[in-house]
Amino acid sequence: EKIGFLKGDLLHYSYDSIASHINQTDKFTTIAAQAAFNQGKHSSVFKIVTRPLLKFIRDYFLKRGFLDGRYGFIICSINALYTFLKYSKMHELQLGKKI
């Protein structure tokens, strides 16, 4: 096998649309919530409200997602949605509901 370097930029697009990103987020949050619940981690209404906001602030401002323009805003918003869904699904598990 030959190992070398590629000339130019390698662009990697994980999702081909916002809808596919959100669908994948829904699937992954179900898995993450179940795993966290199985590890004895807990959620609360406070976490459901605050953690998504903190995630957005961290990604958009502190990690400078705003530099990516419209797509940076969308991705940071979906990341915050991920956090909201994960904690909401964990809370449902704590209440004895199926997710």
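Hydrogens, waters and symmetry mates play no part in the numbers below; they use all other heavy atoms, side chains included. Only a predicted model underlies this, so the values are computations on that prediction, with no experimental measurement involved.
- Judged as a salt bridge (Lys or Arg N to Asp or Glu O under 4.0 Å), the pairs with a partner in residues 59-76 (not counting sequence neighbours) are, in order, Lys55-Asp59.
- Considering Val49, Ile48, Thr50, Val45 in turn, Ile48 is the only one that fulfils the side chain to side chain contact (heavy atoms under 4.5 Å, CB included) rule with Tyr87.
- Ile57 and Leu67 fall within a single hydrophobic cluster, where Ile, Leu, Val, Met, Phe, Trp and Tyr are joined by side-chain heavy atoms under 4.5 Å apart, directly or via other members.
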Residue pair Ile18, Ile78: steps toward the side-chain contact (heavy atoms from CB on, under 4.5 Å) verdict: CA-CA 9 Å; Ile18 294 170; Ile78 294 173; 4.1 Å; yes

Side-chain donor-acceptor contacts of residues 92-99 below 3.5 Å, not counting sequence neighbours, with atom names and distances?
unit_1: Gln94; atom_1: OE1; unit_2: Ser43; atom_2: N; d: 2.5
unit_1: Gln94; atom_1: NE2; unit_2: Ser43; atom_2: O; d: 3.1

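- We find the CG-OG1 distance between Leu54 and Thr83 to be 9.5 Å, quoted to the nearest 0.5 Å.
- Between atom OH of residue Tyr82 and atom OG1 of residue Thr29 there is a gap of 6.5 Å, rounded to the nearest 0.5 Å.
- Here the closest heavy-atom approach between residue Ala33 and residue Lys86 is recorded as CB-O, 3.6 Å.
- A 6.0 Å sphere centred on CZ of Phe84 holds no more than 12 heavy atoms belonging to other residues, nucleotides or ligands.
- Within the structure, salt bridge (Lys or Arg N to Asp or Glu O under 4.0 Å) pairs that include any residue of residues 39-50 do not occur (at least two apart or interchain).
- Judged as a ring pair (Phe, Tyr, Trp, His ring centres under 6.0 Å), and not counting sequence neighbours, the contacts of His21 are Tyr15.
- Distance check, rounded to the nearest 0.5 Å: OG of Ser14 to CD1 of Ile75 gives 8.5 Å.
- Here CZ of Arg51 is found 7.5 Å from OG of Ser44. Values are rounded to the nearest 0.5 Å.
- Here Asp26 pairs with Lys89 under the side chain to side chain donor-acceptor pair (under 3.5 Å) rule; sequence neighbours left out.
- In this view, Phe73 and Phe56, Tyr60 satisfy the ring pair (Phe, Tyr, Trp, His ring centres under 6.0 Å) rule, not counting sequence neighbours.
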